[in-house]
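The structure under discussion appears below in the form of structure tokens.
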Amino acid sequence: MRSLLLPCLLLLAAAALPAGAAVLRVEGEALAPKGGRALYRETHYLQDVGAQQARLVLYRCNDGRPFARKWMPAAANAQAPDFEFVDGRDGRREAVQAQGTQRRVSIRAASGAADAAKTLQMPGGGVIDAGFDAAVRAHWSTLLQGDTVALPFLLTSRQRWVPVKLRRVGAVDWQGQPAEQLQMQLDAWFGFAVPAVNLVYARADRRLLQFEGTGNVRDADGGWPQVRIRFPGAPRPVSEGELSAARTQPLAASCTR
């Protein structure tokens, strides 16, 4: 499942974060599912804003340089946040912005290209991008009972809502810790295929440990690769200064193959 975005949202929303709020950093590593080759890295910064949470993600080359950034301001509806994603390699930008009971979905294919925008009605229970994590937490008890959960998911690359079903696969041991494996897949046929997404969550704190499915970052050839993203370490507190630097750090135009 793929992501989205909107102009100027990053700077405007970032400036609204309150100084002094605790900042947590989570590190992820994206690997090729076959062979385990390192593709890129992710650094997630999480900051509580009252009862809500804002998220900033830096996508990094294997040498540590950031090449893309995603900003998700705190949202009253944690399942359906606004967000903006910008890729420094080709200028691709995707965004979602709330407009009352609707969502404006905007995509720019590359630097210099015109934005393609579409306004969609927000369905009940709709899920956008990383808001999926909040949806899992909200339905955790239902999933563990073995019941399937049906949700509308925003497939941003196609600017449309698609019905998905989320179910528990079973208990697993993930690097020595008790966990639950879940699976999300399309609940209907639309003339296009989206591979199932497999997720592993820690049983103790419902923290995402692993994502396996279609990535939301294009590869060097412009395709959408299958990835396995692991989050082996627990969130660590970092300074407000580190978060501020992450908001403005220049994005690399390319990564070394």
Side-chain angles (χ1 to χ4, degrees), residues 1-3 5 10 13-14 17-18 20-31 33 36 38-75 78-79 81-87 127-138 140 172 174-182 184 197-217 227-249 251 255:
M1 298 300 187
R2 303 164 188 167
S3 31
L5 35 281
L10 178 65
L17 283 179
V23 180
L24 296 176
R25 185 179 71 197
V26 180
E27 295 290 342
E29 49 188 5
L31 310 172
L39 301 176
Y40 59 89
R41 293 156 52 188
E42 297 184 4
T43 302
H44 295 243
Y45 293 94
L46 311 174
Q47 186 172 39
D48 289 338
V49 183
Q52 303 164 14
Q53 189 176 73
R55 179 188 300 258
L56 178 72
V57 185
L58 284 184
Y59 299 87
R60 300 181 182 273
C61 306
N62 288 326
D63 62 10
R65 292 175 301 136
F67 65 87
R69 178 166 30 228
K70 178 160 62 177
W71 167 245
M72 222 170 247
Q79 289 188 188
D82 288 357
F83 82 88
E84 181 190 50
F85 170 89
V86 177
D87 194 323
V127 177
I128 297 174
D129 201 77
F132 185 77
D133 191 58
V136 168
R137 294 169 183 268
W140 185 259
V172 295
W174 195 86
Q175 297 188 4
Q177 57 184 310
E180 295 290 339
Q181 183 177 349
L182 309 177
M184 182 181 74
V197 173
N198 291 293
L199 307 128
V200 179
Y201 276 80
R203 192 179 302 157
D205 58 5
R206 307 178 192 182
R207 179 171 61 87
L208 180 62
L209 301 173
Q210 181 171 289
F211 166 101
E212 186 166 357
T214 305
N216 64 352
V217 175
V227 296
R228 178 185 298 121
I229 306 175
R230 303 186 304 191
F231 301 94
R236 294 197 309 110
V238 296
S239 69
E240 182 81 27
E242 181 174 332
L243 174 59
S244 296
R247 293 175 189 157
T248 57
Q249 194 170 353
L251 299 178
C255 290

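Numbers here are sequence positions counted from 1.
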In sequence, state the C-alpha distance, the side-chain angles, and the governing distance for Leu58 and Gln249, and then conclude on side chain to side chain contact (heavy atoms under 4.5 Å, CB included).
-> CA-CA 9 Å; Leu58 284 184; Gln249 194 170 353; 3.9 Å; yes

For Val238, side-chain contact (heavy atoms from CB on, under 4.5 Å) partners two or more places apart | Val23, Arg25, Tyr45, Glu242

Inter-residue atom distance Cys61.SG - Leu39.CG, 0.5 Å rounding = 12.0 Å

So, Glu29 and Arg41, do they make that salt bridge, N to O below 4.0 Å?
-> no

Counting N and O atoms only, with roles assigned by atom type, does the side chain of Asp129 sit under 3.5 Å from a partner on the main chain of Gly131, one being a donor and the other an acceptor?
-> no

For the pair Leu243 and Gln47, evaluate side chain to side chain contact (heavy atoms under 4.5 Å, CB included) and give the outcome as yes or no after the intermediate values.
-> CA-CA 9 Å; Leu243 174 59; Gln47 186 172 39; 3.5 Å; yes

Could you pull out the closest heavy-atom pair between Ala138 and Gln79, with the gap in Å?
-> CB-OE1, 4.1 Å

Heavy-atom closest pair, residues Gln175 and Pro232 = OE1-CB, 4.0 Å

Do you know which two heavy atoms are closest between Ile229 and Ala30, and how far apart they sit?
-> CG1-CB, 4.0 Å

Distance (rounded to the nearest 0.5 Å) between Phe85 CZ and Asn216 CG = 6.0 Å

Taking side-chain contact (heavy atoms from CB on, under 4.5 Å) as the test, write out the residues that go with Leu31, two or more places apart.
-> Ala38, Arg230

Val86 and Leu251 have their tightest heavy-atom pair at O-CD1, 3.9 Å

Closest non-hydrogen contact found for Val127 with Ala135 is CG2-CB, 4.0 Å

Work out which heavy atom in Arg65 is nearest to a heavy atom in Asp63; give both atom names and the distance.
-> NE-OD2, 2.9 Å

Presence of salt bridge, Arg206 and Asp133, under 4.0 angstrom | no

Atom pair OH/CH2 of Tyr201 and Trp174 - distance to nearest 0.5 Å | 13.0 Å

Separation of Tyr59 OH from Glu42 CD (nearest 0.5 Å) = 5.0 Å

Check the pair Val197, Thr214 against side chain to side chain contact (heavy atoms under 4.5 Å, CB included), reporting the backbone distance first and the verdict last.
-> CA-CA 7 Å; Val197 173; Thr214 305; over 6 Å; no

Side-chain donor-acceptor distances from residues 50-57 under 3.5 Å, at least two apart:
residue: Gln53; atom: NE2; partner: Asp48; partner atom: OD1; Å: 3.4
residue: Arg55; atom: NH1; partner: His44; partner atom: ND1; Å: 3.1

dist Arg207:CZ -> Asp205:CG (nearest 0.5 Å) comes out at 5.5 Å

Run the numbers on Gln177 and Leu209 for side chain to side chain contact (heavy atoms under 4.5 Å, CB included), then give the verdict.
-> CA-CA 10 Å; Gln177 57 184 310; Leu209 301 173; 3.9 Å; yes

Heavy atoms, side chains only, cut-off 4.5 Å: are Leu208 and Leu199 in contact?
-> yes

